[in-house]
Amino acid sequence: AKTVYTIPVVFHIVMSNPNQVTDAQIQQQLDILNADFAGENSDSTKIPEYFKSLFGKSSIQFSLAQRTESGDPTTGIERVTTTKSSFSSNTNDVKYTASKGVDSWDPDKYFNVWICAITATTSGSILGYATFPGDLPAVEQGVVIDYRTLPGKSYTGYTDFEGGRTLTHETGHYFNLFHIWGDDDGACTGSDYVEDTPDQADASSKCNSGVIHDNCTSDGNGIMYQNYMDYSYDACLVMFTAGQISRMEAAVIAYRSSLLT
Ligand code: ARG
Ligand code: ZN
Ligand code: CA
């Protein structure tokens, strides 16, 4: 059997009313993350026949931290009351106690996930953002997601993004995955450095159906808008490929092995 990589997670809920996010919601979110990584998500039935052979199943799993840095018992869920109504994604204020956020727990020992209200920009709301392996400063390593992307509740403007897939997507970045379209604004020169994902011109949106061809993949089965590293609605993101899983598992060994318990 394949070795399971268990990653301890700490959720830092940093809000003016952090109790708005319940433990049950966090558990639900964690279950979705684990199912998505394991390829056990029940909506994998949405993967079209022609992409089924590419469906990846990872042995990376996540569990709530059971000990704090000083060795005390913890639920792995930390609630912090802040006077800031939202945190900009241009600064990392949410990641520092000194700027009304909260400091990470040792990023070599924990996968830090901050949950807060993220300030919208002129181009719209930000669902989440992540660090890639090696990004500095190390204390900022982890993922930030907006609390309105958590499963279990309905918030105006977020109803298509409350399936828990924002955390799945951001965690992909944390394990070194790039966007499936290669972030090249349609040029077809960029790459996600994964062999089994079709080339793709730009981000997808909403929910698509059927075979879609674009400038970068003009034949065959088309682009893979069902991929977690695309920008479709949560209900339509249902898979990582085997190649993406290999890249993430390689990143665990190369960059994040100190997290393994
Ligand atoms: N915009 C974010 C990013 O690039 C998150 C996108 C998440 N998409 C979703 N359907 N939940 O990291
Ligand atoms: Zn992304
Ligand atoms: Ca590719």
Side-chain angles (χ1 to χ4, degrees), residues 21 25-26 28-37 41 43-44 46-47 86-92 94-95 111-135 140-186 190-194 197 200-209 212 223-241 244-245 247-248 251:
V21 172
Q25 254 185 308
I26 297 293
Q28 229 185 319
Q29 172 66 84
L30 191 67
D31 291 347
I32 291 166
L33 181 68
N34 278 326
D36 288 354
F37 269 72
N41 51 306
D43 57 3
S44 67
K46 293 179 182 172
I47 301 170
S86 71
F87 289 91
S88 165
S89 56
N90 299 319
T91 70
N92 275 301
V94 73
K95 301 182 179 179
F111 172 33
N112 286 272
V113 178
W114 287 269
I115 296 171
C116 64
I118 304 176
T119 316
T121 66
T122 44
S123 35
S125 36
I126 311 269
L127 302 169
Y129 57 99
T131 59
F132 285 89
D135 281 358
E140 294 182 2
Q141 278 290 336
V143 157
V144 183
I145 56 171
D146 192 286
Y147 73 97
R148 288 160 287 197
T149 68
L150 292 170
K153 282 195 182 166
S154 226
Y155 289 100
T156 310
Y158 291 79
T159 50
D160 294 309
F161 302 101
E162 58 195 14
R165 261 63 196 256
T166 299
L167 185 58
T168 302
H169 175 108
E170 301 308 336
T171 304
H173 287 314
Y174 177 79
F175 288 113
N176 215 23
L177 293 188
F178 296 106
H179 290 138
I180 194 166
W181 68 94
D183 295 296
D184 59 357
D185 288 317
S191 174
D192 62 353
Y193 307 102
V194 174
T197 51
Q200 184 171 320
D202 248 313
S204 305
S205 59
K206 304 186 181 173
C207 280
N208 293 291
S209 61
I212 296 187
I223 63 167
M224 190 186 279
Y225 53 80
Q226 303 87 349
N227 194 279
Y228 294 127
M229 300 317 289
D230 204 342
Y231 269 5
S232 305
Y233 286 165
D234 278 15
C236 300
L237 296 179
V238 293
M239 68 185 292
F240 287 120
T241 64
Q244 287 175 315
I245 297 291
R247 187 173 164 89
M248 287 196 284

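All ligand and atom numbering here is 1-based and tracks the order in the structure.
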Mind checking whether Phe240 and Leu177 have side chains closer than 4.5 Å, heavy atoms only?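 Contact flag for Phe240/Leu177 side chains = yes.
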Answer yes or no: is there a side-chain heavy-atom contact under 4.5 Å between Phe178 and Met229? no
Is His169 in polar range of ligand 1, meaning some N or O pair under 3.5 Å apart? yes
Is any N or O atom of Tyr233, backbone or side chain, closer than 3.5 Å to an N or O atom of ligand 1? no
Starting from [atom], which protein heavy atom do you reach first, and at what distance in Å?
atom	value
atom 12 (O) of ligand 1	Glu170 OE2, 2.6 Å
atom 7 (C) of ligand 1	Leu127 CD1, 3.8 Å
atom 11 (N) of ligand 1	Asp234 OD1, 2.7 Å
atom 1 (N) of ligand 1	Tyr231 OH, 3.1 Å

Quick one: look at Asp160 and ligand 1, take heavy-atom pairs under 4.0 Å, and tell me if it's side chain, backbone, both or neither.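 Looking at Asp160 and ligand 1, no heavy atom falls under 4.0 Å.
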Paired with Leu167, the side chain to side chain contact (heavy atoms under 4.5 Å, CB included) test is passed by just one of Asp36, Leu150, Leu33, namely Leu33
Residue-ligand contact Ser232/ligand 1, heavy atom below 4.0 Å: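 Yes, Ser232 has a heavy atom closer than 4.0 Å to ligand 1.
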So the atoms of ligand 1 within less than 4.0 Å of a heavy atom of Phe161 turn out to be 9 (C), 10 (N), 11 (N)
Angle between ring planes, Tyr231 versus Trp181, binned at 30° and 60°: parallel, tilted or perpendicular? perpendicular
I need the NE2(His169)-the Zn ion (ligand 2)-NE2(His179) angle, rounded to 10 degrees. 100°
Given Gln200, His179, His169, the one that forms side chain to side chain donor-acceptor pair (under 3.5 Å) with Asp230: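 Only one of Gln200, His179, His169 forms a side chain to side chain donor-acceptor pair (under 3.5 Å) with Asp230, namely Gln200.
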Is the count of non-hydrogen atoms from other residues, nucleotides or ligands lying under 6.0 Å from Lys206 atom NZ greater than 12?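 Check fails, neighbour count at 12 or below.
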Look at the side chain of Lys46 and the backbone N and O of Ala235, then say whether any donor-acceptor pair between them is shorter than 3.5 Å. yes
